[in-house]
Amino acid sequence: MRKLTNKVGSAHVRIVEGLSQAEEEIAYLEFNLERTKKELGRWTLGDLSGVKLTSESDGAKLEEHIKAIEYELAHKQNDLHDLKRLICTFSGLEYKILYRKYVVVKTIEKMTEEIGYSPRYI
């Protein structure tokens, strides 16, 4: 990444960092959503189904939590899509490399084959 950082510049490094951060946040939200759905299953059909809930208990609010997580996840996925689309609009060799390396996730060999440069040049 150091070689790419020197070529692309700080604005584009921030884009790559934003891309990485968005992917990490999405992964966590997906994990949290699954965990929360499993917990809801415990309260509705599982080992906690016989426990009486109050309106203030966490178990009673699980469906609200699931909706909130799904909402946030959808927005993060849209942000990630928009960021990838933004990277596609850039022109120049540096941006072609940036797109192929961080969005499409291709090897240097495959990238050079597609854009017509040697791996040493990149």
Side-chain angles (χ1 to χ4, degrees):
M1 171 120 168
R2 189 167 203 59
K3 199 177 217 184
L4 183 63
T5 303
N6 293 337
K7 285 186 175 185
V8 176
S10 64
H12 301 99
V13 171
R14 286 194 304 269
I15 290 172
V16 171
E17 289 170 351
L19 184 69
S20 178
Q21 181 180 356
E23 288 172 338
E24 289 172 8
E25 290 172 359
I26 288 169
Y28 174 75
L29 287 170
E30 289 172 338
F31 165 78
N32 195 21
L33 180 61
E34 283 302 310
R35 185 180 64 183
T36 306
K37 285 181 177 180
K38 286 177 185 175
E39 183 68 15
L40 179 62
R42 288 184 66 205
W43 285 100
T44 56
L45 302 171
D47 61 319
L48 300 174
S49 61
V51 177
K52 184 156 175 73
L53 296 173
T54 65
S55 60
E56 289 80 35
S57 69
D58 287 338
K61 298 176 185 174
L62 285 173
E63 289 176 341
E64 292 173 27
H65 292 309
I66 289 171
K67 286 180 184 177
I69 295 167
E70 288 174 335
Y71 180 82
E72 187 176 356
L73 179 59
H75 281 279
K76 293 287 181 186
Q77 288 171 330
N78 287 338
D79 290 345
L80 180 62
H81 175 75
D82 292 344
L83 189 56
K84 287 179 177 182
R85 210 174 58 201
L86 173 67
I87 293 170
C88 286
T89 65
F90 299 148
S91 60
L93 179 61
E94 294 88 1
Y95 309 112
K96 290 178 183 178
I97 295 168
L98 179 74
Y99 177 77
R100 284 171 174 81
K101 182 167 178 139
Y102 294 102
V103 176
V104 184
V105 189
K106 294 198 174 185
T107 64
I108 290 179
E109 291 78 18
K110 188 69 176 166
M111 280 190 278
T112 56
E113 180 181 305
E114 290 178 357
I115 58 178
Y117 287 90
S118 73
R120 288 181 139 191
Y121 185 79
I122 293 177

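Numbers for residues simply follow the sequence, beginning at 1.
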Rounded to the nearest 0.5 Å, what separates atom NZ in K96 from atom CG in L98?
13.0 Å

For E17 and Q21, does a side-chain donor sit closer than 3.5 Å to a side-chain acceptor?
no

Which heavy-atom pair separates I108 from P119 by the least distance, and what is that distance?
CG2-CB, 4.0 Å

Determine yes or no for a side-chain-to-main-chain donor-acceptor pair under 3.5 angstrom, with S20 supplying the side chain and V16 the backbone.
no

Note: K67-E70 ion pair, threshold 4.0 Å (strictly below)
no

Within this structure, what is the CZ-CD distance for the pair R100 and E113, rounded to the nearest 0.5 Å?
11.0 Å

Atom OG1 of T36 and atom NE2 of H65: how far apart are they, to the nearest 0.5 Å?
7.5 Å

Any salt bridge linking E39 with R42? Criterion: basic side-chain nitrogen under 4.0 Å from a carboxylate oxygen.
yes

Hey, could you give me the CD1/CG distance between I26 and D79, rounded to the nearest 0.5 Å?
8.0 Å

Here the gap from L83 atom CG to E23 atom CD, rounded to the nearest 0.5 Å, amounts to 9.0 Å

Shortest non-hydrogen pair, I69 vs L29, comes out as CG2-O, 3.7 Å

Under 4.5 Å between any side-chain heavy atoms of F90 and I15, yes or no?
yes

Identify whether L80 and Y28 are in the same connected component of the hydrophobic contact network (ILVMFWY, side-chain heavy atoms under 4.5 Å).
no

Where do H81 and K84 land on the side chain to side chain contact (heavy atoms under 4.5 Å, CB included) test, with the steps shown first?
CA-CA 5 Å; H81 175 75; K84 287 179 177 182; 5.7 Å; no

Measuring only between side-chain heavy atoms, which start at C-beta, is W43 closer than 4.5 Å to S49?
no

Roughly how far, to the nearest 0.5 Å, is the OG1 atom of T44 from the NZ atom of K37?
12.5 Å

Can we say E114 and K106 salt-bridge, meaning some charged N sits less than 4.0 Å from an Asp/Glu carboxylate O?
yes

Hydrophobic cluster identity match, Y121 and I115, side-chain contacts under 4.5 Å
yes

Specify the closest pair of heavy atoms between Y102 and L19, including all atoms of both residues, with the distance to one decimal.
O-CD2, 3.3 Å

Report yes or no: do L48 and L62 belong to one cluster of Ile/Leu/Val/Met/Phe/Trp/Tyr joined by side chain heavy-atom distances under 4.5 Å?
yes

